[in-house]
Structures are given as structure tokens and as C-alpha cells.
Amino acid sequence: MDGRAIAMGLAFALMWSSAFTSARIIVQDASPLFSLAVRFLISGLIGVIIARAMGQTWRLTPGQWRATVIFGICQNALYLGLNFVAMQWIEASLAAIIASTMPLLVALAGWVLFGERLRPLGYAGLAAGILGVGLIMGTRLSAGVDLLGVGLCVIGVLALTAATLALRGATSGGNFMMVVGLQMLIGSAVLFVAAPLTEDIFVTPTWRLAAAFTYTTVVPGLMATLIWVLLLNRIGAVRAATFHFLNPVFGVAVASVLLGEKLGPLDVLGVAIVTAGILAVQLARQPSLPTAALSRAAKPG
């Protein structure tokens with residue numbers, strides 16, 4: 001992995017993690033589902049325009065359409081929608097930590113449900129991740145954290161995990177930016193229906209709302225997606241996924257700096273253990289050197 005790939009991975013992890021803090025700011029001045037629906041509408045339209053400018057088409061393969069619909073509902077409407085609602089009551093740092101467990105949940109489900117073997121390092125990483133999350137949740141529960149907010153975040157990350165498992169390999173075939181744009185538009189459509197049914201829609205115009213909304217739409221929504229696509233093309237999905245181990249650290253750090261959210265010693269220890277667990281699981285999924293060498297040797301030219 002070269003220096004440019006490392007810089008891209010760090011930038012992606014920071015952008016992705018910062019979205020929880022900007023979301024926390026948004027829901028103080030606007031109803032969560034409606035604001036998220038508007039964000040996805042804008043991001044989706046921009047994504048489709050960029051895709052068309054890149055020469056991509058919306059004539060997707062059946063697998064891509066399935067991925068687009070399922071991810072549009074599970075990732076954008078359920079996962080992010082539930083997180084936006086939850087952050088009316090819980091801190092951005094806690095939401096980021098719960099969301100960061102997705103790589104652990106994917107590896108755990110692959111082992112339990114599909115019999116996928118892990119290296120010993122992977123099993124150690126799963127155990128560490130569970131221990132770290134348990135430590136964090138124990139301190140938060142004793143401090144009186146809102147259980148509804150926690151439950152919504154848990155349901156959201158489970159929805160994203162299920163979609164990830166169901167669609168492994170279904171997004172091949174190019175037109176990636178078009179797939180991303182259409183996913184956002186599908187999520188927007190679902191949220192525009194859900195918002196008036198589940199919340200009192202309101203928008204209180206403030207400078208902090210305008211800044212947070214613009215940032216969330218442009219940086220985590222579009223720039224992070226573009227960097228992720230470039231990173232995937234540069235080093236592949238398995239190696240790129242290693243950068244997810246930084247999400248709990250960056251998520252907590254950004255919330256602490258911008259929102260003043262405080263962490264106790266046990267919280268810091270729990271974040272460190274979760275981070276180590278995610279890194280161990282991702283490293284355990286890396287191809288071994290002989291396998292990688294054989295793969296390179298098999299490529300023409």
C-alpha cells in the first residue's frame with residue numbers, strides 16, 4: 001500500500017466519521033427524516049449528473065439494480081435514517097461507535113451463518129470488539145443513556161450488515177457512481193414518505209444548520225464516496241476496508257472537538273479495544289502472500 005493510498009484511506013475515514021457530528025447539529029434545528037430526505041435528494045441528483053458526465057449509464061445489471069434498491073433502503077433510509085432520529089437523544093460519539101461495529105458484525109455473521117473461517121487473529125478481533133462494545137455500553141447504561149436512541153442505532157447497523165451480506169459481489173459491472181446516485185434517490189424517496197408519517201416536520205433556519213447541512217451533503221455524502229471509489233480501484237475492497245478501524249477513533253475525536261462531548265477513562269479504553277478488534281478482523285481477512293502472488297501471476301500480461 002503506497003503513501004497516496006494511505007492518505008486517501010485516512011481522508012475517507014475522517015470524512016465518514018465526521019458525519020455523525022454534523023448530523024447531531026442538523027437534528028437540533030430540523031426534523032431528522034425530512035432533512036435527511038432533502039440531503040439525499042440533492043446528493044443523489046449531483047451523483048447522477050457526475051455519473052452521466054463520466055459516461056456512465058443507468059442501464060444497470062440485475063445484480064446492480066438489486067444492490068441499488070436494497071442499499072438505498074437499508075443503508076440510506078434505515079441505517080442513516082434511524083441514526084439521525086437517534087441523535088436527537090444520544091451523543092454523536094456513541095452513535096459513531098455503534099455504527100463502527102459493522103465490520104465486526106459482517107465477519108461474525110459470515111462465520112456463524114455461512115461457515116466462513118477466520119484466522120486466529122480474526123477470532124481474537126471479534127472477541128476484542130465484543131468486549132470493547134460491552135465496556136462502552138456498560139458505562140453509558142450506568143450513566144442513564146437513552147435506550148430508545150441506542151436501540152435505533154443498533155437496528156440501523158444490523159440493517160446495513162444484512163444488506164452487506166446479501167449483496168456481496170452484486171455491485172460488479174461498472175457504473176459505480178451511477179449506482180451510488182440512484183441509491184441516494186431511492187433512500188430519499190422512502191424518507192420523503194416516512195417523514196410526514198412519523199415526525200412533525202420543522203426547519204429552524206440557522207447558520208449552524210446551513211453549515212452542517214452543506215458539509216454533510218458535500219463532504220461525507222459526495223467527496224467521501226468519490227475517494228472511496230478511487231481507493232477501491234487503487235488497492236481493492238479487502239485492503240481498503242482496513243481503514244474502517246479508524247472510524248471509532250475519528251468519530252469520537254470529532255465529536256469531542258466540535259461538540260464538547262466528554263469521554264471517561266472506560267470509554268477511552270473501550271474505543272481502543274474496539275479499534276484494535278476491527279483492525280484485527282480486517283487484517284485477518286487480508287489475502288496471504290502466496291495467494292496474492294498466485295493471483296498476480298494468473299493475470300494476463
Side-chain angles (χ1 to χ4, degrees), residues 8-28 32 36 39 75-76 79-106 125 128-137 139-140 143 145-146 149-150 152-161 164 212 215-221 223-225 227-228 231 240-282:
M8 292 167 63
L10 292 174
F12 165 77
L14 179 59
M15 291 177 182
W16 186 92
S17 302
S18 68
F20 295 93
T21 294
S22 58
R24 175 75 167 164
I25 296 172
I26 289 171
V27 299
Q28 295 179 47
L36 189 59
R39 172 207 153 178
Q75 174 177 282
N76 297 335
Y79 165 64
L80 289 174
L82 291 172
N83 271 273
F84 261 60
V85 173
M87 276 186 286
Q88 296 175 107
W89 310 300
I90 68 172
E91 294 183 332
S93 57
L94 180 57
I97 292 168
I98 295 173
S100 298
T101 62
M102 190 272 287
L104 297 174
L105 294 174
V106 169
I130 294 172
L131 174 63
V133 171
L135 186 62
I136 294 168
M137 293 309 301
T139 60
R140 296 304 177 95
V145 70
D146 187 275
V150 172
L152 292 177
C153 287
V154 170
I155 294 172
V157 75
L158 289 176
L160 182 58
T161 301
T164 302
Y215 175 85
T216 303
T217 302
V218 175
V219 179
M223 290 180 61
T225 299
I227 291 175
W228 182 246
L231 188 62
T242 304
F243 287 99
H244 279 294
F245 88 94
L246 292 169
N247 292 334
V249 175
F250 283 163
V252 167
V254 173
S256 176
V257 171
L258 296 182
L259 300 178
E261 295 184 3
K262 297 181 178 179
L263 297 175
L266 291 180
D267 289 315
V268 174
L269 178 60
V271 169
I273 294 174
V274 171
T275 300
I278 295 173
L279 179 60
V281 167
Q282 296 296 347

Spatial distance of atom [atom1] ([X]) from atom [atom2] ([Y]) [nearest 0.5 Å]:
| X | Y | atom1 | atom2 | result |
| --- | --- | --- | --- | --- |
| Cys153 | Phe84 | SG | CZ | 11.5 Å |
| Thr217 | Met223 | OG1 | CE | 13.0 Å |
| Ser18 | Asn247 | OG | CG | 10.5 Å |
| Thr275 | Ile97 | OG1 | CD1 | 8.5 Å |
| Ser22 | Met15 | OG | CE | 12.5 Å |
| Glu91 | Asp267 | CD | CG | 8.5 Å |

- Message: Val254 vs Leu14, test: side-chain contact (heavy atoms from CB on, under 4.5 Å). Steps then yes/no.
- Response: CA-CA 9 Å; Val254 173; Leu14 179 59; 4.0 Å; yes
- Let me see the working for Arg39 and Ile26 under side-chain contact (heavy atoms from CB on, under 4.5 Å), right down to the final yes or no. CA-CA 11 Å; Arg39 172 207 153 178; Ile26 289 171; over 6 Å; no
Shortest non-hydrogen contact from [X] toward [Y]:
| X | Y | result |
| --- | --- | --- |
| Met87 | Ala92 | SD-CA, 3.9 Å |
| Ile25 | Ala212 | CG2-CB, 3.7 Å |
| Val281 | Gly125 | CG2-C, 3.8 Å |
| Ala96 | Gly251 | CB-CA, 4.0 Å |
| Phe250 | Ala13 | CD1-C, 3.6 Å |
| Leu152 | Leu82 | O-CB, 3.5 Å |

- Given Leu36, which of Leu80, Asn83, Thr216 fulfils the side-chain contact (heavy atoms from CB on, under 4.5 Å) condition?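 Only match with Leu36 under side-chain contact (heavy atoms from CB on, under 4.5 Å): Leu80.
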- Message: Donor-acceptor check, side chain of Glu261 to backbone of Ala255, threshold 3.5 angstrom: yes or no?
- Response: no
Less than 4.5 Å apart, any side-chain heavy atom of [X] and any of [Y]?
| X | Y | answer |
| --- | --- | --- |
| Met137 | Val150 | yes |
| Pro220 | Phe20 | no |
| Ile90 | Arg24 | no |
| Ile278 | Leu104 | yes |
| Leu94 | Ile136 | yes |

- Dump the intermediate steps for side-chain contact (heavy atoms from CB on, under 4.5 Å) on Leu135 and Leu131, then the final yes or no. CA-CA 6 Å; Leu135 186 62; Leu131 174 63; 5.5 Å; no
